[in-house]
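Okay, structure first, notes after.
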Amino acid sequence: MWNSLTAHQRPPRASRVRHVFSNAPFYDLIFRDLSPRTLVRLSRTCHMIRAAVTQFFRRAYNINHHLSRYFPDPISFRSLQARTGLVISGSNALQFLDRTFYPESDLDIYSHPGHVYEVLEWIESFGYHFEPHKYQEEDWRNHVSPDWDGTAQRMLRDPPQTENGVRSTWYSNIAEVYTFKRFVVMDGEHVELQIQVIEATNNPIDTIMRYHSTCVMNIITFDAAALKIPGSRHRPDVLSKYIKRGWRVHSVFGPKDLAQPYESPFLPNVTRWVGDHHCWTVPLDTSGVKLRTALSPSSEQFSWDPSTQNGWTMLTKPSTRASLRIPEMDVNLIATTVFRYNYIVPSESLSLAIRDWVNSQGKLYHGIVTRSNWTWFDAEIPRFREFAQSG
């Protein structure tokens with residue numbers, strides 16, 4: 001026998017739903033407590049809610065407001081990002097994407113080789129002061145040269161030396177770390193702001209992928225924020241901090257990860273690229289941001305961020321216990337004078353194809369062209385990717 005629903009049990013009328021989800025003050029109260037994953041799923045229910053979620057994202061993910069804590073002119077900083085490929089990562093990027101705030105956290109920004117001098121000079125111009133580590137001199141200019149030669153053979157650099165020998169670091173692909181601080185008054189309180197500029201040995205993505213856990217392997221470029229770039233390292237001293245903040249940590253793959261890799265958040269044995277459809281990417285408003293110009297008069301201009309042309313595969317490596325599988329990153333480094341930036345690609349065949357081409361191109365250019373007239377061929381990278389995918 002059917003029982004009629006009481007008034008308070010009946011679903012809301014369509015007109016009321018439309019009224020709620022067409023008025024930002026109403027749906028903002030609902031959306032602000034939902035996780036990004038829930039919001040994405042909610043946006044798939046109908047066109048009306050999708051439009052509401054899209055508008056909410058534009059307000060909630062206001063990168064200029066987020067960066068204004070550190071810089072009075074966030075557009076200027078993002079223009080610096082656009083022309084140098086500077087990347088924000090670590091807990092600051094996590095806070096932006098997760099819409100949270102950790103008062104004790106700093107701002108970690110990652111620089112490609114050859115751009116560090118410009119970045120440090122820019123930061124100093126906004127009132128930040130260099131705080132040298134024990135092994136560093138008082139003036140950061142004694143460590144960084146403004147004259148970087150991208151046409152010279154690219155070799156891996158040794159870690160900085162200290163009085164006690166090689167500096168201890170968990171991350172071998174960090175060339176150097178420069179810390180800057182500034183005291184400001186916020187809401188009547190004196191606040192110390194800290195920025196750390198991490199100079200990558202190869203490139204920012206290669207460095208970030210070696211971090212302690214996936215929760216901080218998110219990036220913010222000049223035009224987008226991307227979640228989530230996986231990695232395979234673990235640091236107990238750092239992980240405990242994120243566990244206290246509510247994150248779960250896995251040391252090995254679970255049964256479901258191996259049985260259904262495309263359903264796993266780690267996507268084991270799946271070819272990946274930064275910003276691919278497996279990433280959650282938030283486009284950022286670039287109004288006022290000055291895009292990069294051509295690298296040289298003879299170089300083809302490109303507007304994409306170099307980090308977006310990096311890829312990897314997270315392999316399932318056998319553990320000492322036969323039934324377990326641990327993650328291991330599989331990447332192929334492309335470091336050549338034919339490209340302004342270094343790249344990592346997930347496919348050995350793609351890597352070989354690129355290297356064969358750049359070897360021929362490099363021999364030609366090093367024989368007839370000087371540094372002052374050099375041509376960079378980074379614009380070819382996406383074409384190599386398209387060619388590999390079509391084959």
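Computed from a prediction, not measured in an experiment: that's the story for all the values here.
- By the criterion of side-chain heavy atoms lying less than 4.5 angstrom apart, applied directly or through intervening Ile, Leu, Val, Met, Phe, Trp or Tyr residues, Met48 is grouped together with Val40 in one hydrophobic cluster.
- The neighbour count for Arg50 CZ, taken as heavy atoms of other residues, nucleotides or ligands under 6.0 Å away, does not exceed 12.
- In this structure, the side chain of Gln81 engages the main chain of Ile220 through a donor-acceptor pair within 3.5 Å.
- At a threshold of 4.5 Å between side-chain heavy atoms, the hydrophobic network of Ile, Leu, Val, Met, Phe, Trp and Tyr places Val274 and Tyr343 in two separate groups.
- In this structure, Asn173 and Met209 have side chains that are not in contact, with every pair of non-hydrogen atoms separated by 4.5 Å or more.
- Salt bridge Arg59/Asp28: present, at least one basic N to carboxylate O contact under 4.0 Å.
- Here Asp276 pairs with Arg272 in a salt bridge; the nearest charged N to carboxylate O distance falls below 4.0 Å.
- From Leu352, atom CG reaches atom CG of Asn332 across 7.5 Å, with rounding to the nearest 0.5 Å.
- By the 30° and 60° cut-offs, the orientation of the rings of Tyr135 relative to His133 is parallel.
- Here Glu124 pairs with Arg141 in a salt bridge; the nearest charged N to carboxylate O distance falls below 4.0 Å.
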message = I'd like to know whether Ser35 forms a side chain to side chain donor-acceptor pair (under 3.5 Å) with Thr38, so could you lay out the CA-CA distance, the side-chain angles of the two residues, the decisive distance to 0.1 Å, and finally the verdict.
response = CA-CA 5 Å; Ser35 69; Thr38 301; 2.9 Å; yes
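- Ile198 and Asp108 get closest at one heavy-atom pair: CD1-CB, 4.0 Å.
- Within the 6.0 Å centre-distance limit, the rings of Tyr61 and Phe96 are counted as a close aromatic pair.
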inquiry  = Could you go through Gln153 and Thr337, starting from their C-alpha distance and side-chain angles, then the distance that decides it, and tell me whether this counts as side chain to side chain donor-acceptor pair (under 3.5 Å)?
reply    = CA-CA 7 Å; Gln153 185 176 3; Thr337 57; over 6 Å; no
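- Between Glu380 and Arg383 there is a salt bridge, since a side-chain N of the basic residue sits under 4.0 Å from a carboxylate O of the acidic one.
- No side-chain heavy atom of Tyr70 sits under 4.5 Å from any side-chain heavy atom of Phe77.
- Using a cut-off of 4.0 Å between Lys/Arg side-chain N and Asp/Glu carboxylate O, Arg182 and Glu192 are scored as not salt-bridged.
- Taking the six-membered ring for Trp and the full ring otherwise, His115 and Tyr341 have centroids separated by under 6.0 Å.
- When all heavy atoms are compared, the tightest approach of Ile219 to Ile205 is CD1-CD1, 4.0 Å.
- Scanning both residues, Trp273 and Arg385, for their nearest heavy atoms gives CG-NH2, 3.3 Å.
- When ring centroids are compared, Trp148 and His112 stay outside the 6.0 Å threshold.
- Using bins of under 30°, 30° to 60° and over 60° for the plane-to-plane angle, the ring pair Trp374/Tyr365 lands in the perpendicular bin.
- Looking only at side-chain heavy atoms (C-beta outward), Glu300 and Thr375 stay at 4.5 Å or farther from each other.
- Ring geometry for Phe31 against Phe56 counts as perpendicular: the plane angle is over 60°, on a 0 to 90° scale with 30° as the lower cut.
- Taking the six-membered ring for Trp and thresholds of 30 and 60 degrees, Phe377 and Trp357 have ring planes more than 60 degrees apart, a perpendicular arrangement.
- Using a 4.0 Å cut-off between a side-chain N of Lys or Arg and a carboxylate O of Asp or Glu, Arg371 and Asp147 qualify as a salt bridge.
- Note: Leu80 CG to Ile123 CD1 = 7.5 Å, rounded to the nearest 0.5 Å.
- Trp376 has its ring centre no less than 6.0 Å from the ring centre of Phe302.
- Expressed to the nearest 0.5 Å, how far CZ of Phe21 lies from CZ of Phe26 amounts to 12.0 Å.
- The local environment of NE2 in His366 is crowded, with over 12 non-hydrogen atoms from other residues, nucleotides or ligands closer than 6.0 Å.
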